[in-house]
Amino acid sequence: VVFDLSRFSTFLQLEFWLEVIHGSTEGIPIVLVGAKADLEGGPSEEDIRKFCIDNGISAYIPVSARTGENVNQLFEFLAKKMLQAADEGRLKPV
């Protein structure tokens, strides 16, 4: 689930997108991704940490397409999590 670190309004929409995801699948690993990590103006690290705890999200990765920060790491992490969930039989369409 991706939001724009430079626009707080996108952070406020995350709960809606989590509802959409949970309504269409079970067992999918969810990673919170903060896009535009090279910019400012969005939620604080404390806001992000609290959101992850409140919503059972175990991973948060800030990324920047402009600088390349964490982009490769994000895709590697997602691929490993999806393969692990598939191997464990936790991916189930609703």
Side-chain angles (χ1 to χ4, degrees):
V1 180
V2 181
F3 71 102
D4 183 338
L5 281 164
S6 69
R7 293 180 43 213
F8 193 81
S9 63
T10 64
F11 181 73
L12 296 175
Q13 297 171 350
L14 289 174
E15 287 188 24
F16 168 79
W17 291 113
L18 286 179
E19 288 177 21
V20 170
I21 291 168
H22 292 306
S24 62
T25 188
E26 293 178 14
I28 190 169
I30 296 177
V31 177
L32 184 61
V33 179
K36 300 184 182 179
D38 54 305
L39 301 177
E40 296 179 5
S44 68
E45 289 293 320
E46 180 59 31
D47 289 335
I48 296 166
R49 186 172 23 260
K50 183 177 181 333
F51 181 83
C52 287
I53 291 168
D54 291 349
N55 290 282
I57 298 172
S58 61
Y60 163 65
I61 302 174
V63 300
S64 170
R66 180 182 295 167
T67 67
E69 175 186 350
N70 290 333
V71 173
N72 287 340
Q73 293 86 339
L74 170 62
F75 284 101
E76 289 172 11
F77 181 82
L78 287 172
K80 287 177 188 175
K81 284 295 190 182
M82 293 298 291
L83 288 171
Q84 180 182 13
D87 287 345
E88 295 170 357
R90 291 186 289 125
L91 295 180
K92 298 175 184 156
V94 174

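Residues Pro62 and Leu5 share a closest heavy-atom pair of CB-CD1, 4.2 Å.
Judged as a side chain to side chain contact (heavy atoms under 4.5 Å, CB included), and not counting sequence neighbours, the contacts of Lys81 are Pro29, Phe77, Gln84. Checked against side chain to side chain contact (heavy atoms under 4.5 Å, CB included), Gln73 has the following partners two or more places apart in sequence or in another chain: Asn70. Residues meeting the side chain to side chain donor-acceptor pair (under 3.5 Å) test with Ser44, sequence neighbours left out: Asp47.
We find the CZ-CG distance between Arg7 and Leu12 to be 11.0 Å, quoted to the nearest 0.5 Å. The CD1 atom of Ile61 sits 10.5 Å away from the CZ atom of Phe75 when rounded to the nearest 0.5 Å. How far CD of Glu88 is from CG of Leu83: 11.0 Å, rounded to the nearest 0.5 Å. Here Leu14 contributes atom CG and Cys52 contributes atom SG; the two are 9.0 Å apart, rounded to the nearest 0.5 Å. Atom CE of residue Met82 and atom CG of residue Asp87 lie 11.5 Å apart, to the nearest 0.5 angstrom.
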> Would Ile48 and Phe3 count as a side-chain contact (heavy atoms from CB on, under 4.5 Å) if you check the C-alpha gap in whole Å, the side-chain angles of each, and the deciding distance to 0.1 Å?
Replying inline: CA-CA 11 Å; Ile48 296 166; Phe3 71 102; 3.9 Å; yes

Identify all side-chain donor-acceptor contacts of residues 30-40 below 3.5 Å with residues at least two apart in sequence or on another chain.
residue	atom	partner	partner atom	Å
Lys36	NZ	Asp4	OD2	3.3
Asp38	OD1	Ser64	OG	2.8
Asp38	OD2	Arg66	NH1	3.2

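Both Phe16 and Phe8 belong to a common hydrophobic cluster when Ile, Leu, Val, Met, Phe, Trp and Tyr are linked at side-chain heavy-atom distances under 4.5 angstrom.
Looking only at side-chain heavy atoms (C-beta outward), Ile57 and Val1 stay at 4.5 Å or farther from each other.
Residue pairs satisfying the salt bridge (Lys or Arg N to Asp or Glu O under 4.0 Å) criterion with at least one member in residues 53-65, sequence neighbours excluded, are listed as follows: Lys50-Asp54. Among residue pairs with one or both ends in residues 38-69, those qualifying as ring-ring contact (aromatic ring centres under 6.0 Å, His included) are Phe11-Phe51; sequence neighbours excluded.
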